[in-house]
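Numbers restart at 1 for each chain; the letters A, B, ... are given by sequence-line order, proteins then strands.
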Amino acid sequence: MSDSLLLDTTTRIFEDLCDPRTVNAARDGKWKDTLWEALEGSGLTLAWVPEEHGGAGAGLADGFEVLAVSGRFAVPVPLAETLLAGWLLAQAGLSCPVGPMTVAPSRLRDTVTVRGDGTLAGKAAAIPFAAAANTLVVLADRDGAATVVRVDRSECTIRTSQGFRDDGRDLVELDGARPVELAPLGPGLGSDCLALMGATVRAVQIGGALEAILALATDYARERVAFERTISRFQAVQHNLARLAGETAAAVAAAGSAADTVATGTGGDDALFLEAASAKVRAGEAAGTGAAIAHQVHGAIGFTEEHVLHRFTRRLWAWRDDFGSESEWAVRLGRFVAAAGADDLWPLLASR
Amino acid sequence: MSHAIQFDQLRLPGEAEELRLEVRAFLADEIASGGFDPAASVLRGGFDRAFSRRVGARGWIGMTWPKRYGGGERSFLERYVVTEEFRVANAPTGAHFTADRQSGPVLLKYAPEHIKNDVLPRITRGECCFCIGMSEPNSGSDLFAASTRATPTAGGYLVSGTKLWTSNAHNADYMIGLFRTSPPTAENRRHGLTQFLVDLSRSGITINPVRNMAGRHEFNEVVFDDLFIPDDHVLGEVDGAWKQATSELAYERSGPERFLETFYVLPELVRVLGGDPDTRGAEGIGRLVAQLHALRRMSVSVAGMLEAGKEPVLEGSIVKDLGTVWEQELPARARDLAAFVDAAPGNRATFDELLEFATVIAPKLTIQGGTTEVLRGIIARGLGLR
Ligand SMILES: Cc1cc2nc3c(=O)[nH]c(=O)nc-3n(C[C@H](O)[C@H](O)[C@H](O)COP(=O)(O)OP(=O)(O)OC[C@H]3O[C@@H](n4cnc5c(N)ncnc54)[C@H](O)[C@@H]3O)c2cc1C
């Protein structure tokens, strides 16, 4: 699929089937199945799975563009998670099933191990869409080797939690779960590959969602009247929105830079680490600041269930936690910079 | 989305990275041979004509300008690399930076041929220093309130009035000045100002020092008393200076100097926190580095879009807003993070000295070249809010 065709297809599906206003007003969840079928039918859900494993074999860059658009629509089905799961399976040369998938762990401190008898041990907290997915793809440790494990959801105990969003952030207990298939990660990949890729994916989605709330808030400011003028005329409102634009820009730029680094595979491990860590830190910060400003500009209407703003802001708060929060990545990045030493700091930055 | 903000992905091309190595080698040589002292040029000022001439000899001033005016016809991305490496090395670029960034490009666009032939090659050789005469006692953010008058006379204009905060006027050879040639009109309060090239060696100019709060003499009051300026020194349209600003602004706003002015604090912070900082120190460094990386990627992207002939005015203003706020906060955050580092002799002396200096100069960073409030107004306009 060519790059623009893929994007056009994606955008059309989102516009038709998950317009935030329509979805927000829907009485039941039937639209979710329709949306998922359309995404699956177009091959989007398996964009990052190679053709020989039944996927669409789209480039990483195309996939990231799709995810940016999905952020702009606050897409409420496990598209990003299925893409990540497909990608992770492919890194171990495993074939890919159909249907919605999710990945684990999503918390940097969670570990899952493969026991001697081939079953799993451990649990993974805050897994998005665990209850909705048919398949979990887990990055686990097997005798010290990072191993990709495909598990059916029915093998796991799932404690659902609404969390910030309808998407769920569920606790998945994997003790005794029997894998469908498992294989070690391919050469050149380390046990942090899911964290790095997941962080980049979430940063890209955050960038898209921030673009959406910037547009919502600026449009609203130009319509809403108070004191006989539109609130866009008040300098305090203008300056808040200028800051929201700045935060959005920083998130989009940092996430785009990380996605580009992943997609082109250039620069080596240090570059990938700097880019992914920075993107998650900066996009995560922007998510917090940006959501607060967008709510402030909207006043009470933005605090209602009826208004679409929360579809974006609740996901922003969830996404900034997934695959490492700002604090966690900042500590990792800070340790890395400190260990390399003061004189290596600028050369590292300038190398990107 | 109607308000799309765009940052094209851009990596600096191979020739720029080769140039970076050349520049680093030059700077290392300069430091080793005593050509300049990095800490001294932070703490005691970075104005050094001899250094600027050596930079000019390398072809690193006016790099992007046509060769017939002494330029190098190189890309803005190559200039970007030179600018950032010089900043990070704390090189004393004061004698050429304004001309290189701002004044030269204005002359290229608006000066008559004989003036371009005369002045531009001297700038590129590092022999010609410029200052910018826009602000006045009663005209800062509101540039269109400028009242220094240029009155037509035989063969030119007579200028009277006062410019204020003019950085480097006491060292400069020329000023690009903004003077009132007509009153504003009822429909357009921006009407009536004209840009001029001012030769500061002429009579009718008094330059009075204004010490800044760091104790340094960097800016000045410049008083004009019937200064004669010949007709051919008019730059662009008489009464129409307001039309001339737009596209240059993106260059001016988004360069690496807009977030690297206090950079020297950051490596010193890393040094004092040591190779194995505690969680608080590591998180603090990590956030600063992530933010700086994001800023630099945005800034490089804007440079790339400019090189490609786009006009990323909104994006450029955003880079300056975020960048100046970041470089202003850096000393305060470094101070917090280093609060528990032992003050044993030799341990943090350099850090403390640089930190104190950065703290003292921090207030200016969100004022010079357009205040944060003014920038946010420009961004708001870009968003369609005003
Ligand atoms: C170190 C330094 C070097 C400088 N060098 C030069 C130079 O070389 N040449 C030159 O011409 N000028 C120079 N300047 C001047 C600089 O451009 C002005 O200081 C700047 O434009 C602000 O003007 P002002 O100081 O008169 O402040 P004012 O315009 O009086 O502003 C005071 C405060 O009011 C706020 N304010 C003003 N208007 C608005 C508004 N519409 N909405 C909201 N808030 C507003 C400002 O943001 C600021 O916080 C320099 C300044 C500094 C600090």
Side-chain angles (χ1 to χ4, degrees), chain A residues 72 211-212 214-215 218-219 221-222 232-233 235 237-239 241-243 245-254 256-257 259-260 264 266-267 274-275 277-283 285 326-343 345-346 348-352, chain B residues 1-9 11 20 81 84-85 88 263 266-271 273-277 279 281-298 300-301 314-315 317-319 321-322 325 372-373 375-386:
Chain A
R72 275 176 227 155
E211 288 178 322
L214 173 63
T218 41
D219 288 348
R222 290 158 64 182
S232 63
R233 310 272 298 170
Q235 199 180 52
V237 174
Q238 291 174 1
H239 286 195
L241 288 172
R243 282 182 55 224
E247 292 300 301
T248 303
V252 168
S257 185
D260 172 71
T264 55
T266 52
L274 169 71
E275 293 270 6
S278 299
K280 194 65 189 353
V281 171
R282 193 61 189 89
E285 290 176 343
E326 305 88 277
S327 295
E328 289 172 293
W329 279 112
V331 168
R332 288 184 172 202
L333 180 56
R335 295 226 158 95
F336 175 83
V337 166
D343 297 328
L345 171 57
W346 175 251
L348 173 70
L349 288 164
S351 73
R352 301 308 299 155
Chain B
M1 304 279 133
S2 51
H3 319 287
I5 295 170
Q6 203 189 340
F7 286 93
D8 294 353
Q9 273 315 313
R11 305 284 164 194
R20 185 189 303 283
V81 165
E84 67 175 357
E85 289 296 330
V88 166
F263 175 77
L266 187 54
E268 291 313 313
L269 173 69
V270 172
R271 218 182 302 282
L273 291 181
D276 186 20
T279 307
E283 179 174 2
I285 293 174
R287 284 191 189 249
L288 287 166
V289 170
Q291 291 156 354
L292 177 55
H293 170 71
L295 278 169
R296 184 174 172 279
R297 294 295 303 136
M298 297 166 86
V300 168
S301 170
L314 177 59
E315 288 80 0
S317 304
I318 286 174
V319 173
D321 179 22
L322 290 177
V325 168
T372 300
E373 289 77 6
L375 271 177
R376 289 187 182 160
I378 293 167
I379 296 167
R381 180 169 296 127
L383 294 172
L385 294 168
R386 48 189 290 244

> What salt bridge (Lys or Arg N to Asp or Glu O under 4.0 Å) pairs are there with at least one residue in residues 287-298 of chain B, not counting sequence neighbours?
Replying inline: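 Applying salt bridge (Lys or Arg N to Asp or Glu O under 4.0 Å) to every pair that reaches into residues 287-298 of chain B, excluding sequence neighbours, yields A:E285-B:R287, B:E84-B:R296, B:E283-B:R287.
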Is [X] close to chain B through its backbone or its side chain, or both, or neither, when contacts mean heavy atoms under 4.5 Å?
X: A:A221; answer: side chain
X: A:E275; answer: both
X: A:L345; answer: side chain
X: A:A350; answer: both

Minimum heavy-atom distance [X]-[Y], with the two atoms named:
X: B:I5; Y: A:A249; result: CG2-CB, 4.0 Å
X: B:A294; Y: A:A254; result: CB-CB, 4.0 Å
X: A:V331; Y: B:A282; result: O-CB, 3.7 Å
X: B:M298; Y: A:A253; result: CG-CB, 3.4 Å
X: A:A242; Y: B:A380; result: CB-N, 4.5 Å

Contacting region of [X] [heavy-atom separation from chain A under 4.5 Å]:
X: B:S301; result: neither
X: B:V88; result: side chain
X: B:R20; result: side chain
X: B:Q291; result: both

Heavy-atom side-chain proximity of [X] to [Y] below 4.5 angstrom:
X: B:R386; Y: A:S232; result: no
X: A:R352; Y: B:R11; result: yes
X: B:H293; Y: A:L348; result: no

>> Heavy-atom pairs under 4.5 Å with chain B - which of A:L274, A:T248, A:T264 has more of them than the others?
In response: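 Among the listed options, the one with the most contacts to chain B is A:L274.
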> Looking at A:R282, A:H239, A:K280, which makes the most heavy-atom pairs under 4.5 Å with chain B?
Replying inline: A:H239
> Does B:E373 pair with A:R243 as a salt bridge, N-O distance under 4.0 Å?
Replying inline: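 Result for this pair is no, no salt bridge flagged.
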Distance-only check: which donor-acceptor pairs under 3.5 Å involve side-chain atoms of residues 332-343 of chain A, not counting sequence neighbours?
{"from": "A:D343", "atom 1": "OD1", "to": "B:R271", "atom 2": "NH1", "distance (Å)": "3.4"}
{"from": "A:D343", "atom 1": "OD1", "to": "B:R271", "atom 2": "NH2", "distance (Å)": "3.2"}

>> side-chain contact (heavy atoms from CB on, under 4.5 Å), that's the test. Do A:R222 and B:L385 meet it? Break it down for me.
In response: CA-CA 7 Å; A:R222 290 158 64 182; B:L385 294 168; 4.0 Å; yes
> Going through the distances and angles, do B:R376 and A:Q238 end up as a side-chain contact (heavy atoms from CB on, under 4.5 Å)?
Replying inline: CA-CA 7 Å; B:R376 289 187 182 160; A:Q238 291 174 1; over 6 Å; no
